[in-house]
Amino acid sequence: MLKIYNSLARDKQTFVPIEPGKVRMYVCGMTVYDYCHLGHARVMVVFDMVARWLRTSGYDVTYVRNITDIDDKIIKRAAENQETIDSLTGRFIQAMDEDSAALGVLRPDIEPKATQHIPQMLSMTSRLIENGLAYVGSNGDVFYAVREFTGYGKLSGKSLEDLRAGERVEVDTHKRDPLDFVLWKSVKPGEPHWDSPWGPGRPGWHLECSAMSEQHLGDHFDIHGGGADLQFPHHENEIAQSEGAHNCTFVNYWMHNGFVRVDDEKMSKSLGNFFTIREVVKKFDPEVLRFFILRAHYRSPLNYSDQHLEDAKQALTRLYTALRGIEIPNIAIDWSNAYGERFKAAMDDDFNTPEAFAVLFELANEVNKSGSVQSAALLKSLGNTLGLLERDPQAYLQAGSSSMDVLTAEQVEQFISDRLNARKAKNFAEADRIRKELAEAGIILEDGPQGTTWRRA
RNA sequence: GGCGCGUUAGCAAAUCGGUUAUGCACCGGAUUGCAAAUCCGUAGAGGCCGGUUCGACUCCGGCACGCGCCUCCA
């Protein structure tokens, strides 16, 4: 029985899909004007894990993750770069695809783009105006009338009064209420625009997610996810738009992942303290990064540092080491096995990956002790449900971390062969010298009954 | 100022009202030519102050500190 922490209820709830056996899930994706950083990595990996676990649990999942390919920052960046918006967004969509693939993130079923849903957005805006929830401001922009929507603030737990009290937004005199937000922006010189009943312009950010989720998942769907920073105002506004246009519940379960931090501060573009995925992946195997992300519960803060990545690497190495040298048959997971049961219980408890990992480590210990092929197969397949342990163990352990490596596998093998001769001749001084030389090059040797194996530190 | 979250051993990170979390690091032992890996074992925890309870890291209250949202942000 899967339980999910629902941000809307501020409580863990038993997951009951709208349609038995099916899950429709929407996640707010990237605005593509720059490379993805670790905060983006966390969203991608976390909801990939969620989608995988739902599928493992037998659900037929439709996973939608949007791409925001038109907004202020994109326009600004394209102008700075003196390139077209299409060229800019095209480049960064490709970069995003490369980064997510490296992290073992499966493609969502649908990746809708904002610019391909303008008619749907216009239609929704019309309906909101008809329902008395939107109006044309004095500057020609179309605004959502927040005070007309009963329940505004229910997701973020804020009342309109509280929000006004903490007002930090510059008062826009074109709005009826300072908290009203824009649905449709009238065109400014030199900006991309589309025709609309309210004149040429472009969509406000919040509107695209309401329009795209409506288009691909319908008026009412199961799970909506995103980073915790989107809870307000983005998701609050989505609720206002979608429920205001549909007159029905929008989403049953809202999920928000915690932030990635640096020195206990949120990693963000505005603070400038971010690391891109491609930067980190140069130093650490992408699977280590995935492991690091899933090692913390998805709702907890995740502090990034090279040392923490190093720890994650050591831990992942232990799992792969347990699998090394075992011929693993492709057998179905035995969920009635004690380890399988505990793993499932952990995952069903709001996707408790740290607890699930603990089970994997205990399984690894069991494999190391018994050499049991069944246990090894279970370890691997449980790991696989999280998108981990999919590679050949030896290949993982010997995989280079790019620029750092000075020796090729062939060179290492040559050293090992030389050392073997020295050892046969009982020339241990020479054997140890070779081992030391390799160690300095980041190569660790392990002498076993079947000969010497090696791995990279 | 309003609202919310967090504080677990050297580091990371879960569970749980009473029984070993887990990983890394550390210490002792086994194994090894010596190592590495592995195994066995030891040690180490719950911000502070109260309350409830036979018993609290776990529930309740207060305090302190940290973080986040209230503005674009994953």
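Letters A, B, ... are given to chains in the order of the sequence lines, protein chains preceding strands, and every chain is numbered from 1.
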Quiz item: Under 4.0 Å between a Lys/Arg side-chain N and an Asp/Glu carboxylate O for A:Asp71 and A:Arg202?
Solution: no
Self-check item: Any A:Asn257 side-chain nitrogen or oxygen under 4.0 Å from OP1 or OP2 of B:A74
Solution: no
Quiz item: Is the cationic atom of A:Arg299 (NZ for Lys, CZ for Arg) positioned less than 6.0 Å from the six-membered ring centroid of A:Tyr5 and within 45 degrees of its normal?
Solution: yes
Quiz item: Is the distance from OP1 or OP2 of B:A14 to the nearest side-chain N or O of A:Ser300 less than 4.0 Å?
Solution: yes
Exercise. Remember a base hit wins even if backbone is also touched, and classify A:Lys426 as base, sugar-phosphate or nothing at under 4.0 Å, heavy atoms.
Key: nothing
Quiz item: How far, in whole Å, is B:U52 from B:C57 if one measures between their P atoms?
Solution: 16 Å
Practice problem: Rounded off to whole Å, could you give me the CZ-to-C1' distance for the A:Arg456 and B:A36 pair? | Solution: 17 Å
Quiz item: Can you check the A:Tyr35 OH to B:C73 P distance for me, whole Å?
Solution: 22 Å
Quiz item: What does A:Arg419 touch in the nucleic acid at a heavy-atom separation under 4.0 angstrom: a base, only the sugar-phosphate, or nothing?
Solution: base
Quiz item: Which listed nucleotide (B:A36, B:G68, B:G23) is nearest to the side chain of A:Glu265?
Solution: B:G68
Exercise. State which of B:C70, B:A74, B:G2 makes the closest approach to the side chain of A:Leu163.
Key: B:C70
Quiz item: Checking all strands, does A:Glu310 fall into the base, sugar-phosphate, or nothing category for heavy-atom contacts under 4.0 angstrom?
Solution: nothing
Exercise. Return the nearest nucleotide to the side chain of A:Arg295; candidates are B:C70, B:A12, B:C73.
Key: B:A12
Quiz item: Is the phosphate of B:C40, meaning OP1 or OP2, less than 4.0 Å from a side-chain N or O of A:Lys369?
Solution: yes
Self-check item: Whole-angstrom distance between B:G51 and B:G10, as gauged at atom C1'
Solution: 33 Å
Self-check item: 5' priority, RNA chain B, between A:Val359 and A:Leu302 [closest heavy atom]
Solution: A:Leu302
Quiz item: In terms of side-chain heavy atoms of A:Phe232, which of B:G33, B:C24, B:C70 is nearest?
Solution: B:C70
Practice problem: Flag this pair as yes if the NZ/CZ of A:Lys158 is under 6.0 angstrom from the six-membered ring centre of A:Phe232 and inside a 45 degree cone about the axis; otherwise no. | Solution: yes
Quiz prompt | Nearest-neighbour nucleotide for the A:Arg261 side chain, B:C70, B:C67, B:A12 considered | solution = B:C67
Quiz prompt | Watson-Crick or G-U wobble mate for B:C59, both contacts under 3.5 Å | solution = B:G51
Exercise. Using Watson-Crick or G-U wobble geometry with both distances below 3.5 Å, tell me the partner of B:G66, or none.
Key: B:C5
Quiz item: Closer to the 5' end of RNA chain B via nearest nucleotide, is it A:Ala296 or A:Leu445?
Solution: A:Ala296
Quiz item: What distance, rounded to whole Å, do you find between the two C1' atoms, one in B:G17 and one in B:C11?
Solution: 28 Å
Quiz prompt | pi-stack flag for A:Phe259 and B:G68, centroid dist under 5.5 Å, interplanar under 30° | solution = no
Practice problem: Rounded to the nearest angstrom, tell me the gap between atom CZ in A:Arg342 and atom C1' in B:U22. | Solution: 9 Å
Quiz item: Would you say a side-chain N or O of A:Lys266 is under 4.0 Å from OP1 or OP2 of B:C69?
Solution: yes
Quiz prompt | Side-chain N,O (A:Arg423) to OP1/OP2 (B:G33) below 4.0 Å | solution = no
Quiz item: Between A:Gln414 and A:Asp418, does any side-chain donor sit less than 3.5 Å from a side-chain acceptor?
Solution: yes
Quiz prompt | C1'-based separation of B:G1 from B:A43 [nearest Å] | solution = 48 Å
Practice problem: Over 60° means perpendicular and under 30° means parallel, so classify the ring planes of A:His206 and A:His234, tilted if in between. | Solution: tilted
Quiz item: Any Lys/Arg nitrogen of A:Asp48 or A:Arg52 sitting under 4.0 Å from an Asp/Glu carboxylate oxygen of the other?
Solution: yes
Quiz item: Using atom C1' of each nucleotide, how far apart are B:U71 and B:A12 to the nearest Å?
Solution: 33 Å
Quiz prompt | Ion pair check, A:Glu148 and A:Arg176, cut-off under 4.0 Å | solution = no
Practice problem: Any strand is fair game: report the nucleotide pairing with B:U32 by Watson-Crick or G-U wobble, both distances under 3.5 Å, or none. | Solution: none
Quiz prompt | Contacting residues from residues 348-358 of chain A, given that a heavy atom lies under 4.0 angstrom of RNA chain B | solution = A:Asn352, A:Pro354, A:Glu355, A:Ala358
Quiz item: Any side-chain N or O of A:Trp205 under 4.0 Å from OP1/OP2 of B:C73?
Solution: yes
Quiz item: Does A:Arg318 place a side-chain N or O at less than 4.0 Å from the phosphate oxygens OP1/OP2 of B:U38?
Solution: yes
Self-check item: Mate of B:A25 where both pairing distances stay under 3.5 Å, Watson-Crick or G-U
Solution: none
Quiz item: P atom, B:A37 versus B:G44: distance in rounded Å?
Solution: 25 Å
Self-check item: P atoms of B:G66 and B:A74, separation to the nearest Å
Solution: 28 Å
Exercise. Starting at atom CZ of A:Arg10, determine the distance to atom C1' of B:C5, rounded to an integer number of angstrom.
Key: 12 Å
Exercise. Show your working on salt bridge (charged side-chain N to carboxylate O under 4.0 Å, His left out) between A:Glu98 and A:Arg278 and close with a plain yes or no.
Key: CA-CA 9 Å; A:Glu98 289 164 5; A:Arg278 43 194 57 204; 3.0 Å; yes
Practice problem: To the nearest Å, give me how far apart CZ (A:Arg455) and P (B:A37) are. | Solution: 6 Å
Quiz prompt | Phosphate OP1/OP2 of B:U22: any A:Asn365 side-chain N/O under 4.0 Å | solution = no
Exercise. State which of B:G33, B:A74, B:C73 makes the closest approach to the side chain of A:Ser270.
Key: B:C73
Quiz item: With both distances kept under 3.5 Å, what pairs with B:U15, Watson-Crick or G-U wobble?
Solution: none
Self-check item: A:Lys175 NZ/CZ over A:Phe181 ring centroid, <6.0 Å and within 45° of normal
Solution: no
Quiz item: At under 4.0 Å between heavy atoms, what does A:Met267 touch on the DNA or RNA strands: base, sugar-phosphate, or nothing?
Solution: base
Practice problem: Inspect the contact between A:Arg107 and A:Asp97 and indicate whether a charged nitrogen and a carboxylate oxygen are less than 4.0 angstrom apart. | Solution: yes
Quiz prompt | Selection from B:G23, B:A21, B:C70 that lies nearest to any side-chain heavy atom of A:Pro233 | solution = B:C70
Exercise. For A:Asn257 and A:Tyr298, indicate whether the former's side chain and the latter's backbone hold a donor-acceptor pair under 3.5 Å.
Key: no
